[in-house]
Each structure stands twice: as C-alpha cells, then as structure tokens.
Amino acid sequence: MRAFFRADVCSKMEFCSGRRAVLQLLRAVAPADRPALLQWMRTTRDFDEFIQDNNDVMLKSIAEDLRNCLPLEAMLSSEHLALQKIQQQPEPTVHVDAFLYDEDFIDSLCEEGRMSRNYCMVCGSHQTAPLGFISHSFSLTELKFIYHHVLPDLSGKVLVDVGSRLGAVLYGGYLYSSALQLYGVEMNEDFCQLQEMVIKKYQFTDRVKVLHADICTQGSLLQNADVVIMNNVFEYFLNEAEQTRAWEYINHNVRKQGSLLVTVPSLEESLSGLQSNIQLSLWVEEVPLNYDVYPEKDIDREALEQIHLYKIL
C-alpha cells in the first residue's frame with residue numbers, strides 16, 4: 001500500500017512539474033508572439049509521437065511487418081501490366097506504397113540513398129526534376145479521413161474493398177470503425193497470403209475475410225455490401241477492355257439503394273476514355289466532402305481531394 005502511494009505521488013508530481021514548465025515557457029514568450037505559438041500548438045503534428053493512440057501504433061506495426069516481406073517498391077514481379085503502365089507514364093514515376101512509407105520515412109530513405117525524389121533530366125548534369133510517386137494503398141491519414149470523416153457509423157454494415165492488395169483498408173476498418181464484416185477481394189495470391197498473415201497475427205479474423213478472386217465473380221457480395229471501396233483499382237492492372245467489363249459488372253451489381261461507394265480517383269475520371277454504357281446520373285449521387293478537417297500544413301490535401309464518396313440511387 002505504501003509503495004503504491006509513493007508511485008502514485010511520483011506520477012502526479014511529474015505531471016505537475018511538466019505542466020508548470022510548459023506554463024513558465026509560455027510566460028517567457030513575448031506577448032506579441034504568444035498567440036502564434038498557441039495556434040501552432042493547437043494545429044501542429046510535431047506532438048503526434050506523444051499522442052498516438054493504440055490503433056495508429058498497431059497500423060504502423062503492421063506496415064513494418066509488411067515492409068519486411070516486400071521489396072522497397074512494394075510491387076511483385078507478377079504485376080506485369082502494372083509495372084509496364086508505370087514505366088509508360090509521361091514523366092518518370094515510381095511506386096511508393098503510402099501505407100508502408102509516410103513522408104518522414106521517405107525522407108529517411110532519401111537520406112540513406114535508398115530512394116530519391118528526383119531524377120536526372122540530362123544524365124551526368126545537375127538538371128533534375130521531381131519524380132512522380134504513385135501509390136495503390138491509402139496512407140494512415142487517408143484511412144483515418146475515410147473512417148472518421150467520409151463514412152458514417154458502420155455498425156452492423158458490410159464493407160467490401162475491391163483489390164485489397166496489402167489490406168490497409170481492411171485493417172483500418174477493423175480498428176477505426178464498427179463495421180460488422182470487412183471483405184477484401186484480391187486477384188494476386190501473394191498479396192492474399194500477406195493479408196492472411198497479418199489478419200491472423202493481429203487477431204482480426206472475427207471481422208475480416210480475404211477472398212482470392214476476380215471481383216467479376218463476386219456479384220452476391222457486391223449486391224449485399226453497404227460500402228464498397230475502390231482505390232486505383234483497375235487502371236494499372238487491366239487493359240481497357242477488361243476495365244470496361246469490370247466497371248460494367250460493378251455498375252450492374254452495386255445497386256443497393258443508399259449504399260456507399262468510395263473511389264480514388266473520381267468515377268468520372270476512371271470511366272473517361274472507356275467505351276462503357278454506364279450513366280452515372282442514373283446510378284449514383286456524389287456526396288460533398290470536407291477536405292479541411294486537418295488544418296495542419298503538412299497534410300497532403302491533394303491526396304485527400306482524390307477521395308470521392310457516392311450514394312447509390
């Protein structure tokens with residue numbers, strides 16, 4: 001009893017001392033600069049490492065596990081078409097998985113010489129230009145944006161991630177939502193095995209299931225889904241005829257009135273250039289999103305603006 005009391009007092013003294021030190025520091029700041037400092041304290045992400053919740057920590061642990069299983073570019077040799085399409089981009093582009101590598105991690109890799117943000121425009125010269133980065137996964141911030149600000153309460157709902165890849169949407173859904181069931185549909189067997197490894201290790205099996213399948217064989221699953229998520233799902237992995245077929249299958253089966261569709265990029269952009277018979281105005285209504293929920297300057301707003309929400313009519 002005595003030892004417990006002493007430890008408790010020590011803990012309170014540490015908090016009191018810390019609070020006192022912070023207040024003393026604020027009083028030492030010039031009055032004219034104090035409002036700017038307080039505003040910075042309210043909005044900065046510099047304190048993130050001190051206030052991360054357990055869910056964030058768990059997702060970062062999962063990302064570390066996956067990094068240890070994959071090459072740096074997080075693409076597999078079996079992804080022939082995706083690799084070819086990245087190489088065909090008008091400007092040099094590399095795949096950097098946003099779930100595995102946040103901005104700070106990329107900076108550290110660049111400092112180590114394992115990655116570069118730039119390419120040489122004239123070999124041997126100092127004339128360089130930024131490399132294009134593309135990701136087939138959502139970042140931690142994007143996952144939190146989707147589950148905290150885009151989607152409503154998912155209690156009792158079924159969510160389907162089309163092309164679940166590394167499973168980031170499924171893990172985020174397990175930790176950040178109350179969804180009844182989270183299904184990932186993935187054609188690549190290697191990625192399915194990686195997802196199964198994570199699901200078992202982190203004990204997500206009660207609500208998460210991964211299906212090794214072509215989405216065009218999953219009509220019943222799509223018809224019963226309350227939420228369908230599609231992130232860069234067809235463009236880099238299918239030719240144009242296959243993309244058209246897949247989108248028309250989605251259009252035919254995702255028909256549950258009031259269900260939600262989350263896409264990156266927009267449906268308009270995904271369907272442009274494809275010879276499809278899909279009439280968006282008869283299928284969906286876009287729901288406006290607030291992209292200003294994160295006031296921090298270092299948030300990638302452009303990435304958030306690629307996320308679109310639609311309600312099925």
Side-chain angles (χ1 to χ4, degrees), residues 75-95 98 132-138 142 146 150 159-165 169 183-189 191-192 211-289 302-313:
M75 294 196 71
L76 303 176
S77 57
S78 55
E79 299 184 278
H80 306 296
L81 185 58
L83 290 165
Q84 181 182 339
K85 287 196 173 187
I86 288 175
Q87 293 169 358
Q88 291 172 346
Q89 293 296 303
E91 295 181 353
T93 300
V94 293
H95 180 263
F133 283 0
I134 184 170
S135 174
H136 298 305
S137 297
F138 288 118
E142 289 163 353
I146 288 170
V150 173
L159 181 147
V160 175
D161 182 24
V162 179
S164 52
R165 199 170 178 84
V169 167
Y183 290 96
V185 182
E186 174 55 53
M187 290 181 64
N188 189 297
E189 185 176 3
F191 284 133
C192 288
L211 305 175
H212 177 214
D214 181 340
I215 192 61
C216 292
T217 66
Q218 300 299 310
S220 178
L221 183 66
L222 291 171
Q223 290 162 21
N224 290 292
D226 299 292
V227 177
V228 176
I229 296 185
M230 307 175 69
N231 180 17
N232 275 334
V233 69
F234 298 138
E235 180 184 357
Y236 285 86
F237 305 98
L238 303 175
N239 61 41
E240 287 190 6
E242 292 169 332
Q243 287 180 58
T244 300
R245 168 178 167 266
W247 275 114
E248 289 183 345
Y249 190 87
I250 295 289
N251 172 247
H252 179 74
N253 287 283
V254 181
R255 287 286 176 173
K256 187 176 182 179
Q257 189 172 12
S259 61
L260 300 173
L261 181 61
V262 178
T263 71
V264 171
S266 68
L267 288 175
E268 290 82 359
E269 184 175 339
S270 293
L271 295 173
S272 65
L274 299 181
Q275 301 298 315
S276 76
N277 297 316
I278 297 173
Q279 294 181 276
L280 290 180
S281 62
L282 301 179
W283 179 34
V284 297
E285 175 188 5
E286 182 158 12
V287 180
L289 298 177
E302 186 176 341
L304 296 184
E305 289 176 345
Q306 286 290 303
I307 299 171
H308 295 264
L309 176 65
Y310 302 89
K311 180 184 289 187
I312 306 301
L313 298 174

Undergrad: If you take all heavy atoms of Gln275 and Thr244, which pair is closest and at what distance?
TA: O-CG2, 3.4 Å

Undergrad: To the nearest 0.5 Å, tell me how far Ile215 CD1 sits from Leu238 CG.
TA: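 Rounded to the nearest 0.5 Å, the CD1-CG separation comes out at 11.5 Å.
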
Undergrad: Which pair of non-hydrogen atoms, one from Ile278 and one from Trp247, has the smallest distance, and what is that distance?
TA: CD1-O, 3.5 Å

Undergrad: Considering non-hydrogen atoms only, spot the tightest contact between Glu142 and Ala303 and give its length.
TA: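 Nearest heavy atoms, Glu142 then Ala303: OE2-CB, 3.0 Å.
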
Undergrad: Is a side-chain N or O of Gln223 found less than 3.5 angstrom from the main chain of Asn253, in a donor-acceptor match?
TA: no

Undergrad: Within the 4.5 Å heavy-atom criterion, are Arg255 and Trp283 side-chain neighbours or not?
TA: yes

Undergrad: Under 4.5 Å between any side-chain heavy atoms of Leu211 and Gln218, yes or no?
TA: yes

Undergrad: Any chance you could measure Asn231, atom CG, to Ile307, atom CD1, to the nearest 0.5 Å?
TA: 8.0 Å

Undergrad: Rounded to the nearest 0.5 Å, how far does CZ of Arg245 lie from CD of Glu248?
TA: 10.5 Å

Undergrad: Could you tell me the separation between the SG atom of Cys192 and the CZ atom of Arg165, rounded to the nearest 0.5 Å?
TA: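 Reported value, rounded in 0.5 Å steps: 11.5 Å.
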
Undergrad: Are Leu267 and Leu261 close enough that some pair of their side-chain heavy atoms sits under 4.5 Å apart?
TA: yes

Undergrad: Begin from the C-alpha positions of Tyr310 and Leu280 and carry the test side chain to side chain contact (heavy atoms under 4.5 Å, CB included) through to its verdict.
TA: CA-CA 10 Å; Tyr310 302 89; Leu280 290 180; over 6 Å; no

Undergrad: Could you tell me the separation between the NZ atom of Lys256 and the CD1 atom of Ile312, rounded to the nearest 0.5 Å?
TA: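 Result: 11.5 Å between the selected atoms.
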
Undergrad: For Glu268, I'd like to know if atom CD has over 12 heavy atoms of other residues, nucleotides or ligands within 6.0 Å.
TA: yes

Undergrad: Test side chain to side chain contact (heavy atoms under 4.5 Å, CB included) on Asp161 and Val185; report intermediate values, then the result.
TA: CA-CA 6 Å; Asp161 182 24; Val185 182; over 6 Å; no

Undergrad: Of all the heavy-atom pairs spanning Asn239 and Glu242, show the shortest one and how long it is.
TA: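 Closest heavy-atom pair between Asn239 and Glu242: OD1-N, 2.8 Å.
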
Undergrad: I need the minimum non-hydrogen distance between Tyr249 and Gly219, along with the two atoms involved.
TA: OH-N, 2.8 Å

Undergrad: Work out which heavy atom in His308 is nearest to a heavy atom in Pro265; give both atom names and the distance.
TA: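 That closest heavy-atom pairing would be CD2-C, 4.0 Å.
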
Undergrad: Are Leu274 and Glu240 close enough, and set up right, to give a side chain to side chain contact (heavy atoms under 4.5 Å, CB included), and what steps lead you there?
TA: CA-CA 7 Å; Leu274 299 181; Glu240 287 190 6; 4.2 Å; yes

Undergrad: Is there a side-chain contact between Val228 and Tyr183 (heavy atoms, below 4.5 Å)?
TA: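 They are not in contact (no side-chain heavy atoms under 4.5 Å apart), so the answer is no.
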
Undergrad: Between Leu260 and Val150, is there a side-chain heavy-atom distance shorter than 4.5 Å?
TA: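 They are not in side-chain contact.
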
Undergrad: Let me confirm one number: the OG-CG distance from Ser259 to Leu313, rounded to the nearest 0.5 Å.
TA: 9.5 Å

Undergrad: With a 3.5 Å distance limit and no angle check, can you tell me whether Glu186 reaches the backbone of Asn188 through a side-chain donor-acceptor pair?
TA: yes

Undergrad: Is the closest side-chain heavy-atom distance between Leu159 and Asp226 below 4.5 Å?
TA: no

